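Beneath this line is the structure, given in C-alpha cells, with notes to follow.
Because the structure is a prediction, the values reported are computed rather than measured. Hydrogens, waters and symmetry mates are skipped; everything else that's a heavy atom, side chains included, is used. Just follow the structure's listing: the first ligand is 1, and inside any ligand the first atom is 1.
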Amino acid sequence: MMKQGSGYSDVLVGLQYGDEGKAKIVDLVAPNYDIVARFNGGANAGHTIETSEGKYTLQQVPSAVSNPNARLYIGSGCIINPEKLVREIEKLESAGMSVRDRLVISPFASVIQPHHIILDRVSGGAIGTTNNGIGPAYADRARRLLGARLLNVRVADLASDFDGALTSVCENLTYTIETLTPQDFDSLADSLKIERKDLNMERMQSDLLKDFLSASRQIVAYVTRDPRYLCKAVENGSRVLFEGAQSVMLDVARGTTPFVTSSATVAGAAYSGGDLPPRFHRKTIGVAKLLMSRVGRGPFASEFGGAQSEEYCLTDNGSRFTKHYEQQTYDPLSLLQSPSQFERGIALRMLAGEYGSNTSRPRRIGALDLVQLTEASRDNGVDELYLTKADTLRNFSQTPEGRIPVVSGYKRQGSDEEVVAPAATADLKRLEVRTDMWPGFAEDIGNIREFDQLPENLRSLLEHIEQETGATIVGVGTGPQRTAMAMRSRG
Ligand code: IMP
C-alpha cells in the first residue's frame, strides 16, 4: 500500500527484445517525475532520443533529457562501466545537458572490471552479446569471492578504500589473462578484429587499467553515502520513474535463456534493483514495437526469414551486413515485392532503420507477435501501453498482399494444436506460428498527433491489441522524433 502523503514510483519496461523505443517514451513522460532511475544493466543499453537539437544515445545515464530538473539515479541492480560513464557524462555536458549535479549512483551498484570485458569478448560471441562485460560481471557478483580474491567490486568499495578495490581489480585481471587458453586468445583477437599476432596483452592490460583507474576516481563523486537515498526522497514526496533496460524477453530468468542478458529486466525487478520498497508502486507502463526486432541470437517466433535471417544478421557478430552494406546493396522497395520473407525482412529493416544504435548491427525483423505481447503485458502487470513505430506498418501496403501480418497463435511443428509459449528454449525453436493478416494502410501518419486521427485500419488493429493485452494504449509512435506520437485523449 502506498504511504499517505509520500511520493510514488512508476515502472516502465520494454515488453519484447529491447529497442522498442523506451527512451523516447521516458523522455516524453519525464516532465511528470522528479527522479528517473535505472535498476538493471549497464553500458549494454543504447537508448536513443531524437530532439530538435540532435540525436542522443544514452547507455548508462537515465533517459530524462527533456526534464533538466529531474534527478538521475543508477540503482544497485546496475553494473557500471566507469570509463564509458565518464565519457557519456562528458558528451552530454558538451551538448549543453548538465548531468554532473543531478546524477546519483547507489553505493551497492557493482563495477565492470577490465577482465569482464576480456571474458565477454572471449565467450560472448555464441550469444551475440554487446561485448560490454555484462555476463561476466553479474556472474562475479553472484560468485562473490574466489580464494582470497574479491570478485565483486562495488562502487561503495571504490568510495571507501579506492586502493584496496583497485588491488582486487588488478588481481582479477592478471588471473584472467594468465588462465586464458590459446583458443581464448584466438577468440579475443577475432572479437577485436585484429590478427592474433597483433594481440599485445601487456599493452592491453596496462591500457585497460589506466582507463579504469582514471574513470573510477571520477565516478566516486557520484556515489551516495546514503543507502536510503531514494527511499528518503520518495518518503519526502518525490515521484520516481524506473526505466527498464533490455526488456522482459531478455530477463536472465524469464527470458529465452541462454540468449538473454544477465540482469533481471522484468517490472518487479525495479524495486530490488532500484533500492525502493514496492509499497510505493503506482503503475506499470509497457512499451512495445509494432514491427518487432531482436539483436543477438535466440528464438524469435515471428522473424521474417527465420533461421536464414538470424544467420545473416549475426554473421561476424553483426559486423558484416551493416546499415552501410545494405544501403549500398539493396533497393528496399523492390525487395518488398519479393516472395521471400527473408528478403522482405531486409527491406523492412532498411525502411524502418532497424540497426544497432551503437554498433550499426542489423536487427533481426519480425511481425508483431501478439501472443508474446499479451503474455508479457499480463505477466508484468502492464496498466498502460505505448506502441511504437506504427509508421513502419505502412510499408506493408507496398507488398503484393498489402496487408499487415500479426502472429496470433503458436502451434507445435507439424500439428494444428495451439499451444502456449513453452519455457524450454529448444521447444520455442520448434514452434510454428499462426499469422493473421490485417488490412493495411497507405497514408503517411508522420504528422498525426491524436489517436482518433489514425487511419481506421490501423485503429482497428490497435484496438484489437488493447483487448488482447488488457492494457490501455496511451500513445502510438508515428515517427522517430520525440514529438511524433499520436496520443489517446483521456476520458
Ligand atoms: P549482453 O547484455 O551484452 O550480455 O547481451 C546479451 C543479449 O542481450 C544479446 O543478444 C544482446 O544483443 C542483447 N541486448 C543487450 N542489451 C540490449 C539492448 O539494449 N537492446 C537490445 N538487445 C540487447
*Where do T129 and N44 land on the side chain to side chain contact (heavy atoms under 4.5 Å, CB included) test, with the steps shown first?*
CA-CA 8 Å; T129 70; N44 47 348; over 6 Å; no
*Between S76 and D275, is any side-chain donor less than 3.5 angstrom from a side-chain acceptor?*
yes
*Y271-F242 aromatic ring centre distance below 6.0 Å*: yes
*asked:* Under 4.0 Å between a side-chain nitrogen and a carboxylate oxygen: does that hold for E303 and R364?
replied: yes
*Tell me, with the steps shown, if Q372 and Y410 meet side chain to side chain contact (heavy atoms under 4.5 Å, CB included).*
CA-CA 10 Å; Q372 184 261 311; Y410 292 163; 3.6 Å; yes
*Applying a 4.0 Å heavy-atom criterion (strictly less than), which segment of F259 is in contact with ligand 1: side chain, backbone, both, or neither?*
neither
*For atom 6 (C) of ligand 1, find the nearest protein heavy atom and state the residue, atom name and distance (0.1 Å precision).*
V260 O, 3.3 Å
*Hey, mind stepping through R361 and E354 against salt bridge (charged side-chain N to carboxylate O under 4.0 Å, His left out) and telling me if it holds?*
CA-CA 9 Å; R361 295 199 285 182; E354 289 288 356; over 6 Å; no
_For atom 22 (N) of ligand 1, closest protein heavy-atom neighbour_ = V295 CG2, 3.3 Å
*Where is the nearest protein heavy atom to atom 3 (O) of ligand 1: which residue, which atom, and how far?*
T130 OG1, 2.6 Å
*To which protein heavy atom is atom 2 (O) of ligand 1 closest, and what is the distance rounded to 0.1 Å?*
T261 OG1, 2.6 Å
*Can you tell me the protein heavy atom closest to atom 21 (C) of ligand 1 and the distance?*
D19 OD2, 3.1 Å
*Any idea which atoms of ligand 1 are less than 4.0 Å away from a heavy-atom of Y17?*
21 (C), 22 (N)
*For R102, look at atom CZ and say whether over 12 heavy atoms of other residues, nucleotides or ligands are found less than 6.0 Å away.*
yes
_For atom 13 (C) of ligand 1, the protein heavy atom that lies nearest, with its residue and separation_ = L250 CD1, 3.9 Å
*Can you tell me which residue and heavy atom of the protein come closest to atom 9 (C) of ligand 1, and the distance to 0.1 Å?*
G128 O, 3.2 Å
*Give the contacting part of R361 toward ligand 1: side chain, backbone, both or neither, where contact means a heavy-atom distance below 4.0 Å.*
side chain
_Looking at R430 and D427, is there a salt bridge between them, counting it only when a charged N and a carboxylate O are closer than 4.0 Å?_
yes
*When H115 is tested against each of N172, T174, D140 for side chain to side chain donor-acceptor pair (under 3.5 Å), which residue passes?*
D140
*With a 4.0 Å heavy-atom cut-off (strictly under), which part of N132 contacts ligand 1: side chain, backbone, both or neither?*
neither
*Do any heavy atoms of A45 fall under 4.0 Å from ligand 1?*
yes
*Please report which non-hydrogen protein atom sits nearest to atom 17 (C) of ligand 1, along with the residue it belongs to and the distance in Å to one decimal place.*
Q246 CG, 3.5 Å
*Give the single entry among N317, T129, N44 that approaches atom 18 (C) of ligand 1 most closely by any heavy atom.*
N44
